[in-house]
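Input: a single structure, listed below in structure tokens.
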Amino acid sequence: PLAWPSPRALSRALWYGRAVRAQLRIVFIPIDVIAGLVAGAVTIFQARTSTRVEIAASMELAQLLVREAVGLMQQEVPAEKFLADLSSQLRLVRHVRIVVKDATGSPLALHPAGGAEAARDDRAPAWFAALIAAPVASRDVPVIVNAARIGSVEIVAEPRDEIAEVWSNTVALGAVA
């Protein structure tokens, strides 16, 4: 049977028997790993908080825009045409997905989306998105014209663009580190 080396022999082999350069590396590598873990945790915490704030603000803005559009357009345009045009008017709101529904609750055909979200192709990995993403929020805004409900607008939080932005910043920070 092999005997374990004494603590003195073990400390000599692992620490005192090494060159000063090796001892410095042994000290600095764990410090760098701990600093990286702390920086990663702070980045994730900050990203989670800022993403939730950004999504909440976008949801509120989209809801206000829907209500304002309904208020302005209900006297000027027939109800059917209004619902058909509403989705194209609201497609550029960031961090939300707008679904216009008719009175039965069926989604209307959407116009092709444009803007920044359609052009972005740099998505974050799923594991990173799972760390950052807020719970999916949804709001339903009724569309009432002349005291009759003609449909509704569902506003759904869409944090992918914000998470992709945080991911690209994190990758850049990691490259610098």
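Quantities reported herein were computed from a predicted structural model and do not represent experimental measurements. For the numbers below, each heavy atom of this structure counts, side chains included, while hydrogens, waters and symmetry mates do not.
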Ser138: partners by side chain to side chain donor-acceptor pair (under 3.5 Å), with sequence neighbours left out: Glu154
Partners meeting side-chain contact (heavy atoms from CB on, under 4.5 Å) with Ala137 (sequence neighbours left out): Met59, Ala157
Salt bridge (charged side-chain N to carboxylate O under 4.0 Å, His left out) partners of residues 144-153, not counting sequence neighbours, each pair once: Asp140-Arg149
Distance-minimising heavy-atom pair for Val96 and Ala62: CG2-CB, 4.0 Å
Test item: Ile132 and Trp167 side chains (from C-beta on) under 4.5 Å apart, heavy atoms: no
Step-by-step side-chain contact (heavy atoms from CB on, under 4.5 Å) determination, Asp161 to Arg123: CA-CA 8 Å; Asp161 192 46; Arg123 299 292 178 213; 4.1 Å; yes
Gap between atom CD1 of Ile98 and atom CG of Leu65 - 0.5 Å precision: 8.0 Å
Residues that Ser6 engages under side chain to side chain donor-acceptor pair (under 3.5 Å), provided they are two or more places apart: none
Contact summary for Pro5 and Leu10, nearest pair of heavy atoms: CG-CD1, 4.3 Å
Shortest non-hydrogen contact from His95 toward Ser58: CD2-OG, 3.4 Å
Please set out all donor-acceptor pairs under 3.5 angstrom arising from side-chain atoms of residues 32-52, sequence neighbours excluded.
unit_1	atom_1	unit_2	atom_2	d
Thr43	OG1	Ala39	O	2.8
Arg48	NE	Leu131	O	2.9
Arg48	NH2	Leu131	O	2.5
Thr49	OG1	Phe45	O	3.0
Ser50	OG	Gln46	O	3.1
Ser50	OG	Ala47	O	3.3
Thr51	OG1	Ala47	O	2.7

Side-chain donor-acceptor contact under 3.5 Å, Gln23 with Arg18: no
Nearest heavy-atom neighbours spanning Ile55 and Pro159: CD1-CA, 3.6 Å
ring-ring contact (aromatic ring centres under 6.0 Å, His included) partners of Trp4, counting only residues at least two apart: none
